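Since this is a predicted model, take the numbers as computed values, not measurements. Residue numbers start at 1 and run along the sequence shown.
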Amino acid sequence: MEGRYFNSTDNNLQYWGLDYPPLTAYHSFLCGHIAHLLNPDWVALNTSQGYESFQHKLFMRTTVLVADLIIYIPAVIVYCFCTREVSSKKRISSLCCILLYPGLILIDYGHFQYNSVSLGFALWGVIALSFEWDLLGSLAFSFALNYKQMELYHSLPFFCYLFGKCLKRGITGRGLFLLFKIGVTVIASFALCWIPFLTETGQMLQVLRRLFPVGRGLFEDKVANVWCSLSTLFKVKKVLSSESQLQLSFLCTLLSVLPSCIKLTMHPSVRGFKFALVNCALSFFLYSFQVHEKSILLVALPVSLIINDAPWISTWFLLVSTFSMLPLLLKDGLLLAYIITSLVFLLVSKSLLPAPANMSEDSLNLKPFCISVRRYLPWFRLPGYLIKLSFYTSLMGMASLTLASDILVPPLRFPDLFPVLVSSFSCVHFLVFLFYFNIIYFWHSSNESSKKRL
């Protein structure tokens with residue numbers, strides 16, 4: 001397993017080198033061993049590079065399904081059916097919408113990823129913290145982080161929520177003891193995962209270099225974040241040095257996540273924890289260093305968790321998040337699968353989570369914010385028809401860009417025209433969504449925020 005992180009004649013890092021934490025290595029080893037038992041040609045050194053067959057793809061998709069059945073799907077079921085103060089109809093609606101989210105299905109089953117494993121562990125962590133099982137929640141999230149390092153997107157809300165609970169209990173009394181127990185749990189779980197890689201310093205450093213490839217630059221491909229979209233007007237990579245890019249992205253990410261983290265630390269609540277997960281994950285996606293298209297899945301999970309709090313906007317976000325990965329999906333020949341899964345998700349969401357007949361400030365959870373604005377601008381009103389028009393315009397834009405990306409040939413001067421349009425179009429949406437979710441979190445009444453409910 002250790003050899004997967006080093007370049008050698010038997011392990012081409014550019015082709016199948018591992019750039020994820022140890023739990024992924026163990027999972028890969030297990031899947032590889034089973035594959036070898038079924039058909040040695042699938043995993044034969046050197047000769048299996050580029051190997052493709054129907055049976056091999058079926059096996060890979062089966063391994064994704066098994067991982068889903070063991071970790072992710074049970075977590076979703078438990079989360080939805082243990083939700084308090086929510087009707088049975090809403091529980092079933094949220095269950096169907098989360099499981100039918102097209103982004104995760106397409107990436108895991110079409111792009112052959114196992115994002116549902118790390119997301120499943122993170123969800124088990126959310127469930128455990130909701131029931132005040134703080135040590136189990138810490139353990140579950142540690143496993144998530146040791147499966148995929150992108151779970152760092154969720155790390156600050158987990159830390160701030162638990163640290164806030166410790167402060168509430170008294171940092172010199174019960175809170176200090178809870179902090180100690182959480183620290184021991186996290187350190188022990190990390191040590192358990194990393195034991196085989198701690199025998200040599202060079203080996204451990206190589207794994208860390210693979211996990212955090214700073215040398216790759218600010219972004220890769222056409223990801224729907226601020227830096228890629230901004231580069232169409234201002235060539236950030238050419239103007240700024242790699243070190244300056246890293247510092248700039250760190251500063252912007254920090255400024256974006258800081259408000260949610262401070263509020264969550266000072267006023268820890270389960271509802272606030274979920275909204276902080278959304279705000280922090282989306283901030284990391286938009287502003288952090290070396291972001292991949294599929295990292296939007298780390299935002300989609302917490303958005304799915306608040307689908308009962310903001311059903312219409314959450315559904316809209318999940319559709320845009322899938323669309324933002326269109327260039328990646330086209331590379332893998334998943335256009336038809338993308339269209340079908342997105343339409344199914346939209347129809348199911350529309351039937352189970354219908355938009356309110358009269359789009360109002362109250363139905364969008366924006367009434368407290370609008371009241372605050374009207375103290376200074378008495379004439380301010382939020383036109384509901386404009387929100388609905390924006391939604392349908394967005395759907396038409398996504399449909400048009402999808403069609404254009406597939407059938408039109410871009411000009412020779414702009415070969416990446418359509419991927420750039422997709423990423424920029426999606427980025428604008430994500431910035432608006434970030435503003436919206438922050439408003440909901442900060443302007444929600446303190447009485448409701450203090451409720452502890454799933």
Side-chain angles (χ1 to χ4, degrees), residues 18-28 64 67-68 70-72 75-76 79 98 101 103-104 107-108 111 113-130 134-163 182-183 185-194 197 207-208 210-214 223 225 249-250 253-254 256-257 260-261 264 273-305 321:
L18 195 60
D19 51 7
Y20 293 115
L23 280 186
T24 298
Y26 306 144
H27 187 195
S28 298
V64 175
D68 278 357
I70 294 174
I71 298 173
Y72 183 70
V76 173
Y79 176 82
I98 295 173
Y101 169 55
L104 186 60
I107 294 299
D108 275 18
H111 197 58
Q113 295 277 321
Y114 298 92
N115 295 285
S116 59
V117 176
S118 60
L119 294 176
F121 278 131
L123 182 52
W124 280 116
V126 172
I127 294 168
L129 296 188
S130 300
D134 299 326
L135 299 186
L136 285 176
S138 303
L139 180 65
F141 184 68
S142 295
F143 286 153
L145 196 52
N146 277 290
Y147 192 87
K148 290 208 172 183
Q149 69 272 29
M150 285 90 74
E151 280 296 329
L152 285 169
Y153 284 32
H154 299 150
S155 60
L156 286 176
F158 269 89
F159 172 80
C160 293
Y161 176 75
L162 289 169
F163 187 61
I182 292 171
T185 301
V186 172
I187 292 171
S189 59
F190 267 75
L192 181 65
C193 293
W194 281 76
F197 302 90
V207 175
L208 292 175
R210 292 291 298 170
L211 298 187
F212 304 103
V214 178
V223 61
N225 73 352
S249 63
F250 173 79
T253 306
L254 179 64
S256 186
V257 303
S260 295
C261 289
L264 185 61
F273 172 50
K274 290 188 288 185
F275 272 92
L277 281 170
V278 173
N279 294 335
C280 289
L282 189 49
S283 296
F284 267 88
F285 179 82
L286 286 170
Y287 299 111
S288 66
F289 194 86
Q290 187 48 224
V291 175
H292 194 279
E293 297 105 308
K294 61 179 180 286
S295 299
I296 194 63
L297 298 177
L298 293 153
V299 191
L301 174 68
V303 170
S304 300
L305 304 185
S321 68

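For the pair Leu104/Ser116, a side-chain contact is recorded, criterion being any heavy-atom separation below 4.5 Å from C-beta on. For the pair Pro21/Leu211, a side-chain contact is recorded, criterion being any heavy-atom separation below 4.5 Å from C-beta on. Using a 4.5 Å cut-off on side-chain heavy atoms (C-beta onward), Glu293 and His111 make no contact. The closest side-chain heavy-atom distance from Phe190 to Ser142 is below 4.5 Å. For the pair Pro302/His154, a side-chain contact is recorded, criterion being any heavy-atom separation below 4.5 Å from C-beta on. Between Phe158 and Leu129 there is a side-chain heavy-atom pair separated by less than 4.5 Å. When side chains are defined from C-beta on, Leu162 counts as touching Ser138, because their heavy atoms get closer than 4.5 Å. Residues Cys160 and Phe273 form no side-chain contact, since every pair of their non-hydrogen atoms from C-beta on lies 4.5 Å or further apart.
The OG atom of Ser118 sits 10.5 Å away from the OH atom of Tyr72 when rounded to the nearest 0.5 Å. In this structure, CG in Leu23 is found 4.0 Å from SG in Cys193, a value given to the nearest 0.5 Å. Separating the CG atom in Leu119 from the CD1 atom in Ile98 is a distance of 11.5 Å, to the nearest 0.5 Å. Distance check: Leu135 CG to Thr185 OG1 gives 4.5 Å after rounding to the nearest 0.5 Å. Taken to the nearest 0.5 Å, the NZ atom of Lys148 stands 10.0 Å off from the OH atom of Tyr114. The CG atom of Leu282 sits 12.0 Å away from atom OG of Ser295, with the distance rounded to the nearest 0.5 Å.
Minimum interatomic distance between Ala75 and Gly120 (heavy atoms only, all atoms of both residues): CB-O, 4.1 Å. Of all the heavy atoms in Val207 and Phe197, the pair that sits closest is CG2-CD2, 3.9 Å. Of all heavy-atom pairs spanning Phe285 and Asn225, the tightest one is O-CB, 3.0 Å. The two residues Tyr153 and Ala281 have their closest heavy-atom pair at CD2-O, 3.6 Å. The shortest non-hydrogen separation linking Ser283 to Asn279 is OG-O, 2.7 Å. Among all heavy-atom pairs drawn from Tyr161 and Leu264, the shortest one is N-CD2, 3.8 Å.
A donor-acceptor pair is defined here as one N or O able to donate and one able to accept, closer than 3.5 Å; such a pair exists between the side chain of Ser28 and the backbone of Thr24. Using a distance-only test at 3.5 Å, with no hydrogens or angles considered, a donor-acceptor pair links the side chain of Tyr79 to the main chain of Leu305. Between the side chain of Trp124 and the backbone N or O of Ile71, at least one donor-acceptor pair lies under 3.5 Å.
Partners of Thr253 by side chain to side chain contact (heavy atoms under 4.5 Å, CB included), not counting sequence neighbours, listed by chain and number: Val257, Phe284, Tyr287, Ser288. Listed by chain and number, the residues in a ring-ring contact (aromatic ring centres under 6.0 Å, His included) with His292 amount to none (sequence neighbours excluded). Applying the side-chain hydrogen bond (donor to acceptor under 3.5 Å, both in side chains) criterion to Ser304, with sequence neighbours excluded, gives no partner residue. Residues that satisfy the side chain to side chain contact (heavy atoms under 4.5 Å, CB included) test with Ala144, not counting sequence neighbours, are Phe121, Ala122, Phe141, Glu151. For Ile187, the side chain to side chain contact (heavy atoms under 4.5 Å, CB included) test picks out no residue, with sequence neighbours left out. For Phe250, the side chain to side chain contact (heavy atoms under 4.5 Å, CB included) partners at least two apart in sequence or on another chain are Leu254.
No side-chain donor-acceptor contact under 3.5 Å links Asn115 and Lys294. At a cut-off of 3.5 Å, with distance as the only test, a side-chain donor of His27 or Tyr147 sits close to an acceptor on the other residue. Side-chain contact annotation: Ser321 with Tyr101, donor-acceptor N/O pair under 3.5 Å present.
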For this session: Go through the steps to decide whether Val303 and Leu277 satisfy the test side chain to side chain contact (heavy atoms under 4.5 Å, CB included), and finish with yes or no.
Result: CA-CA 8 Å; Val303 170; Leu277 281 170; over 6 Å; no

